[in-house]
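A, B, ... follow the sequence lines: proteins, then strands. Residue 1 opens every chain.
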There are 2 protein chains.
Amino acid sequence: MTDRQDLLDTLAQVGKALGNGHRLALLERLAQGEAAVETLATTADLTVGNASAHLQHLRRGGLVTANRSGKQMIYHLTDQRIVTLLSLMRDVAETNLAEMERLVSRLFAEDNSDGALEAISQDELLSGLRRGSVTLLDVRPEDEFEAGHLPDAINIPLEQLEAMLDELPKDREIVAYCRGPYCVLSHEAVQRLRALGYQVRRFDEGFPEWKAAGLPVH
Amino acid sequence: MTDRQDLLDTLAQVGKALGNGHRLALLERLAQGEAAVETLATTADLTVGNASAHLQHLRRGGLVTANRSGKQMIYHLTDQRIVTLLSLMRDVAETNLAEMERLVSRLFAEDNSDGALEAISQDELLSGLRRGSVTLLDVRPEDEFEAGHLPDAINIPLEQLEAMLDELPKDREIVAYCRGPYCVLSHEAVQRLRALGYQVRRFDEGFPEWKAAGLPVH
DNA sequence: CTTATATTCTACCATTTAATAGAATGATGG
DNA sequence: CCATCATTCTATTAAATGGTAGAATATAAG
């Protein structure tokens with residue numbers, strides 16, 4: 001009887017690791033590709049010491065591993081399934097927590113809500129790519145792009161968007177993507193490009209979900 | 001920036017809810033079918049007050065809902081996907097937490113380990129059933145069986161196993177199943193039936209996983 | 001209207017978690 | 001070997017969580 005409870009308690013370590021917003025932010029960053037502690041601390045807006053402590057927690061939950069490379073510790077997700085786990089949590093939360101809807105719409109609040117900003121699903125994107133009618137735009141920072149991206153995507157980090165407009169076609173549909181469904185980068189990019197007359201839509205997921213679905217990456 | 005963190009904090013409520021062994025026990029019971037607080041408290045070995053508090057926590061995480069039926073509150077999983085979520089957590093834990101292996105083998109420790117107790121997978125079970133060569137035995141308590149079971153399964157709760165042997169064939173393979181991979185009931189049943197000369201194997205998952213896979217239930 | 005039953009809520013205490021600042025460790029490069 | 005840089009560890013504090021016992025609430029039944 002206590003054996004069973006010990007087992008459930010150990011399993012609960014996984015849940016515990018998932019039970020903190022900062023740790024979810026760290027996982028989202030790690031889903032883009034491996035990273036050192038300082039990088040992780042910066043993207044999750046934590047002090048290095050605090051980030052390190054959270055990473056230990058994620059380690060105890062079996063969600064990440066680390067290995068040393070010179071002076072740095074490079075952290076990875078242990079497993080591609082963790083991206084799936086996070087997606088499932090999002091699904092469950094969006095379906096069952098009233099709070100979520102409000103928060104999601106507030107996160108994307110600058111929406112001019114002319115209805116035109118509707119996101120494109122993975123299936124639609126795939127068929128668009130197969131037809132060759134879509135240009136893919138990755139608006140994540142360069143290091144994340146380098147660590148892996150969708151095939152044939154162009155990388156224009158959001159800050160450089162206006163400076164690199166000449167890389168984008170005016171006469172083809174563009175699909176912008178970033179880190180995942182709760183990442184605002186692609187949303188912001190779509191708004192700014194639309195204002196300039198481009199035909200752009202947002203991919204409703206991100207690089208990690210694409211990769212976890214077993215689709216090809218570069 | 002705080003919008004994003006609020007959203008992640010809310011999402012973390014789901015993780016928090018999964019981050020406690022007693023709550024996982026409650027969820028496992030609810031995966032068998034709806035139940036009232038006292039039933040849940042008994043199966044999870046908690047006081048009613050404490051079970052109620054944990055159930056509120058699961059509610060806040062969007063994992064369960066409740067509605068009143070007379071004097072009782074009947075709790076349900078909000079979603080079949082929660083069974084998938086739990087399976088994924090198990091997979092991740094078994095792959096990445098060294099601790100788990102030890103605990104799983106200790107849970108099933110009475111194993112005479114003659115190698116014969118190897119469990120049967122869902123695919124194998126399905127093909128056995130299609131060939132009609134397998135008798136299905138559900139060793140869960142009657143109320144859980146009544147709330148849903150695999151097609152054509154015979155219900156013999158573990159306590160009544162020896163008293164109801166005449167329902168079981170000696171000349172056909174029997175597959176015993178129960179609540180899930182960490183449920184010892186079917187394991188215990190297999191051991192006892194083998195000692196009596198039956199050809200029995202254990203299904204390596206349980207009723208909830210079968211149902212969540214979209215397979216037919218009665 | 002009173003009583004009994006099922007559940008939730010409240011108040012309290014012990015334990016765990018999260019955060020901070022600063023010390024300690026490990027690896028690299030002069 | 002010494003200085004530097006990246007990370008982890010060690011207090012310390014504030015807040016959240018988990019547990020218990022008993023009061024409060026809601027429904028049903030007499």
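Taking every nucleotide of DNA chain C with any atom under 4.0 Å from a non-hydrogen atom of chain A, the first and last of them, 5' to 3', are C:dT17 to C:dT28.
Taken residue by residue, residues 57-72 of chain B places heavy atoms nearer than 4.0 Å to DNA chain D at B:His57, B:Arg68, B:Gly70, B:Lys71. Within residues 12-24 of chain B, the residues approached by DNA chain D to less than 4.0 Å at the level of any non-hydrogen atom are B:Lys16, B:Asn20, B:His22, B:Arg23, in residue-number order. Contacts with DNA chain D (heavy atom under 4.0 Å) in residues 48-55 of chain B: B:Asn50, B:His54, listed by number.
Scored by the salt bridge (charged side-chain N to carboxylate O under 4.0 Å, His left out) test, A:Glu167 finds no partners at all (sequence neighbours excluded). Shown here are the side chain to side chain donor-acceptor pair (under 3.5 Å) partners of A:Glu142, two or more places apart in sequence or in another chain: there are none. With sequence neighbours excluded, no residue satisfies side chain to side chain donor-acceptor pair (under 3.5 Å) with B:Thr47. With sequence neighbours excluded, the residues that form a salt bridge (charged side-chain N to carboxylate O under 4.0 Å, His left out) with A:Arg102 are A:Glu99.
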Please list, one pair per line, the donor and acceptor atoms closer than 3.5 Å that link side chains of residues 26-33 of chain A to other protein atoms, with sequence neighbours excluded.
{"residue": "A:Glu28", "atom": "OE1", "partner": "B:Arg4", "partner atom": "NH1", "Å": "3.2"}
{"residue": "A:Glu28", "atom": "OE1", "partner": "B:Arg4", "partner atom": "NH2", "Å": "3.1"}
{"residue": "A:Arg29", "atom": "NE", "partner": "A:Glu144", "partner atom": "OE2", "Å": "3.4"}
{"residue": "A:Arg29", "atom": "NH1", "partner": "A:Gly33", "partner atom": "O", "Å": "3.2"}
{"residue": "A:Arg29", "atom": "NH2", "partner": "A:Asp143", "partner atom": "OD2", "Å": "3.3"}
{"residue": "A:Gln32", "atom": "OE1", "partner": "A:Arg140", "partner atom": "NH1", "Å": "2.8"}
{"residue": "A:Gln32", "atom": "NE2", "partner": "A:Glu28", "partner atom": "O", "Å": "3.1"}
{"residue": "A:Gln32", "atom": "NE2", "partner": "A:Arg179", "partner atom": "O", "Å": "3.1"}

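Sorted by first and then second residue, the pairs that involve residues 203-218 of chain A and meet salt bridge (Lys or Arg N to Asp or Glu O under 4.0 Å), not counting sequence neighbours, are A:Arg90-A:Glu209.
At its two ends the helix from C:dC1-D:dG30 to C:dG30-D:dC1 runs along axes set 20° apart, each axis drawn from five pairs and the angle rounded to 10°.
Although no hydrogens or angles enter the test, the distance criterion places a donor-acceptor pair under 3.5 Å between the side chain of B:Arg23 and the main chain of B:Lys16.
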I'd like a table of atom pairs between the protein and nucleotides 10-15 of chain D - only N or O on both sides, under 3.5 Å - with the distance next to each one.
none

